[in-house]
Amino acid sequence: MSSDASGDTTILSWGLVLLLTVDNPHEVVNPLRLGMRVERTPEPCIMVIAGASGDLCYRKLLPALFGLARSRHLPTGFTILGLARTDMSDDAFRQSTKEALEKEGEDVSGPLWESFAKGLFYQPADYSDPGSFTALGKRLVELDAVRGTCGNRMFYLAVPPSAFSTIINGLGKAGLSRDAFDPSAGDADAKALQGWVRIIIEKPFGRSLASARALQRDVGRAFREDQVYRIDHYLGKETVQNVLALRFANLLFEPVWNRRYIDHVQITVAESLGVEKRGAYYEESGALRDMIQNHLMQVLSIVAMEPPASFKANPVRDETVKLVRAIRPFDAESARTSAVRGQYGRGWVHVTAVPGYREETGVAADSPTETFAAVKLTIDNWRWAGVPFYVRSGKRLSHKLSEVAISFRKLPHLLFADGPQSDVEDNALVIRIQPDEGISLRFEAKLPGPHMILRPVRMDMHYGTAFGGPTTDGYGRLILDALLGDGTLFPRYDWVEASWTLFAPVQEAWKNERPQNFANYEAGTWGPAEARQLLEQDGRRWRRF
Ligand code: BG6
């Protein structure tokens with residue numbers, strides 16, 4: 001017998017693990033049969049990446065775009081214009097892109113690279129200088145003529161958040177944010193406007209309620225809401241989207257997806273990495289802002305929202321906003337009892353000795369920044385009243401793992417109570433976001449033999465086995481959606497504001513009360529004792545791995 005990932009379920013080695021696969025993974029599936037969208041190719045356009053000399057651009061965006069080119073999702077003439085302070089020629093940008101793609105394991109020796117490289121251009125820019133935006137405007141018009149991109153522009157802000165407003169204001173003042181659909185453009189302007197203009201804004205959108213509002217004021221002055229795509233790469237993950245499929249493309253789950261059957265929900269995003277080279281950024285951020293307020297809250301919204309009227313941007317986003325607004329607000333007392341924080345000290349991760357957070361580059365020796373946060377949330381609506389959602393995320397935990405675990409209620413009556421087995425495990429549905437993407441359902445089965453002895457077993461669906469091929473990190477899918485003008489998987493501003501509003505009292509409490517016991521967990525463990533107590537006070541415990 002062996003132990004499964006949760007550490008508390010027995011898997012019988014003689015094969016009670018059931019494996020679910022699609023009948024034939026190579027079968028050509030009609031997307032309409034699955035209720036999916038039929039594939040479309042975006043219109044030709046120029047993607048202007050601000051922050052083109054940065055890590056995000058080279059490690060995530062360019063590989064994602066190259067991946068889209070490989071899968072033939074990019075239109076003919078698709079053009080990338082890199083923008084950054086660094087002085088660099090088009091050719092130098094092509095060369096550094098080539099090296100970055102090679103580093104990511106891409107094959108850049110063939111015709112695919114040749115044609116991708118032809119669409120790469122670069123322009124140095126000082127974001128605080130209005131002249132840079134005038135020059136950008138001219139360059140865009142020139143590129144339109146050469147590349148046939150018809151005035152369609154996608155701006156991508158891959159810069160530190162402190163530069164968001166400066167760039168947005170610069171684009172607005174130079175008239176680069178307005179498009180042919182802009183109702184406020186006068187007649188003369190309208191003649192000059194062509195095509196569509198959209199903007200993708202990286203996270204974090206603000207670092208508090210007040211700063212999110214200030215940023216939104218700038219965004220709103222330059223862009224209409226339907227032009228804005230706030231990216232949260234968790235929504236691009238296949239497994240997160242699969243929650244939608246699980247809930248709304250199956251009859252089985254929705255009837256039990258409520259307080260009558262569910263005892264509680266745990267959402268975990270654990271990382272074994274520390275802050276790496278991002279100490280300075282992380283000092284300003286911490287786990288609550290970096291992960292919980294955005295990624296984990298998006299996952300929670302999809303798990304807990306009501307069925308939308310249709311799978312279109314606004315109906316889906318309306319439901320996620322409603323959900324966050326239904327979460328019981330924190331007050332001074334619950335900010336203390338239902339939210340806990342931690343910071344890692346030295347320890348061992350995968351047999352390697354690692355330094356404590358306060359020893360990392362760019363981090364203050366007495367830093368109060370949390371590298372772990374856990375909260376208990378209560379949703380005050382008919383579906384979820386009384387069902388706690390426990391949400392946690394941390395760096396330098398034992399290993400990398402993200403999952404949603406739905407624990408079902410205890411049986412109302414146990415028929416087999418007088419045998420040797422008087423207790424049974426509760427049913428649990430676990431959605432593994434990463435790694436080993438998939439879904440498993442834990443239920444009780446009879447151990448073969450003359451007695452009615454029960455053992456928990458698992459039915460397992462593995463993405464790799466069912467569909468073959470790896471899943472992506474989400475960027476490619478989200479960029480493609482934005483190019484197609486589909487905002488379904490992008491948080492709308494009212495969601496962002498609702499989420500900041502929810503966490504404002506916790507931020508406030510943590511700001512006013514310096515943590516006295518940091519570092520309070522050893523690297524390579526599952527976080528501080530306070531996180532354990534958060535569940536123990538309710539008679540529950542975190543899943544063990
Ligand atoms: C980013 C955070 O948004 O997400 C990082 O800023 C974190 O701190 C990362 O490491 C985690 O993403 P993933 O896809 O590796 O789970």
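In each ligand, atom 1 is the first atom listed, and ligand 1 is the first ligand listed.
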Does ligand 1 have an atom that lies less than 4.0 angstrom from a heavy atom of Y234? yes

How about Q343 and R358: does a side-chain donor come under 3.5 Å of a side-chain acceptor? yes

Can a donor-acceptor pair be found between the side chains of Y521 and T371 at a distance below 3.5 Å? yes

Please say whether Y282 places an N or O atom under 3.5 Å from an N or O atom belonging to ligand 1. no

Are K400 and L273 close enough that some pair of their side-chain heavy atoms sits under 4.5 Å apart? no

For K395 and ligand 1, does the shortest N/O to N/O distance drop below 3.5 Å? yes

Would you mind listing which atoms of ligand 1 come within a distance below 4.0 Å of any non-hydrogen atom of K400? 13 (P), 15 (O), 16 (O)

Shortest non-hydrogen contact from A509 to A335? CB-CB, 4.1 Å

Quick one: do H264 and W384 satisfy ring-ring contact (aromatic ring centres under 6.0 Å, His included)? Show the steps, please. CA-CA 9 Å; H264 73 280; W384 296 117; over 10 Å; no

What class does the angle between the rings of H399 and F545 fall in, given that below 30° is parallel, 30 to 60° is tilted and above 60° is perpendicular? perpendicular

Ignoring hydrogens, just give me the one of H233, E271, Q434, R278 whose non-hydrogen atom is nearest atom 5 (C) of ligand 1. R278

Any idea which atoms of ligand 1 are less than 4.0 Å away from a heavy-atom of K203? 1 (C), 2 (C), 3 (O), 6 (O)

Checking a contact table here: which protein heavy atom is nearest atom 3 (O) of ligand 1, and how many Å away? H295 NE2, 2.7 Å

Among protein heavy atoms, which sits nearest to atom 14 (O) of ligand 1, and what does the distance come to when rounded to 0.1 Å? K237 NZ, 2.7 Å

Ligand-residue contact atoms, ligand 1 with D290, heavy atoms, under 4.0 Å: 2 (C), 5 (C), 6 (O), 8 (O)

Which of these, F116, Y475, Y58, sits in a ring pair (Phe, Tyr, Trp, His ring centres under 6.0 Å) with F66? F116

